Amino acid sequence: MSPIDNPGTTTKPRTKAKTKIARPPLWKVILLNDDYTPREFVVQVLKAVFRLNESQSYRVMMTAHQKGACVIAVYTRDVAETKAKEATDLGKMNGYPLYFTTEKEE
Ligand code: TYC
């Protein structure tokens, strides 16, 4: 607040070094299209692993279906890699080639 806004106050320059905490880099989880996994199965996996609701899941699935890939969400590296593996494994367990990959956000 300036001394004009609030007479009697002034702002001193900071002398003490303030520790800045860098934000951790974020990683994208990307859904890749394939020709075999049923659309409804993709939607179920998106809801279960990424906590998307029905319409968010449907939109992500359709974007991957039409464009080849779709970014689902961003997380810290560990979380992104764990979720991508969990989701890919769910497909594998059901005999589908469904694939999720991760990529560092620039
Ligand atoms: N292309 C699949 C089909 O036609 C559906 C699908 C959509 C699969 C998105 C994977 O990431 C995907 N049954």
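Note that the coordinates shown come from a computational prediction; the quantities given were computed from them, not determined experimentally. Counting starts at 1 for both ligands and their atoms, in listed order.
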Between ligand 1 and the protein, tabulate every N or O atom pair separated by less than 3.5 Å, reporting distance only.
{"residue": "ligand 1", "atom": "1 (N)", "partner": "Asn33", "partner atom": "OD1", "Å": "2.8"}
{"residue": "ligand 1", "atom": "1 (N)", "partner": "Asp34", "partner atom": "O", "Å": "2.7"}
{"residue": "ligand 1", "atom": "1 (N)", "partner": "His65", "partner atom": "ND1", "Å": "2.9"}
{"residue": "ligand 1", "atom": "11 (O)", "partner": "Leu32", "partner atom": "O", "Å": "2.8"}
{"residue": "ligand 1", "atom": "13 (N)", "partner": "Thr37", "partner atom": "O", "Å": "2.9"}

**OP:** Any chance you could measure Leu90, atom CG, to Phe41, atom CZ, to the nearest 0.5 Å?
**Re:** 5.5 Å
**OP:** Answer yes if the ring centres of Tyr36 and Tyr96 are under 6.0 angstrom apart, and no otherwise.
**Re:** no
Original post:
Does Asp78 CG have over 12 foreign heavy atoms under 6.0 Å away?
Top reply: no
Subject >> Residues which pass ring pair (Phe, Tyr, Trp, His ring centres under 6.0 Å) with Phe50, listed by chain and number, not counting sequence neighbours >> reply: Phe100
**OP:** Applying side-chain contact (heavy atoms from CB on, under 4.5 Å), name anything that partners Ser57, two or more places apart in sequence or on another chain.
**Re:** Val43, Leu46, Lys47, Leu52
Subject >> Residues that Thr19 engages under side chain to side chain donor-acceptor pair (under 3.5 Å), provided they are two or more places apart >> reply: none
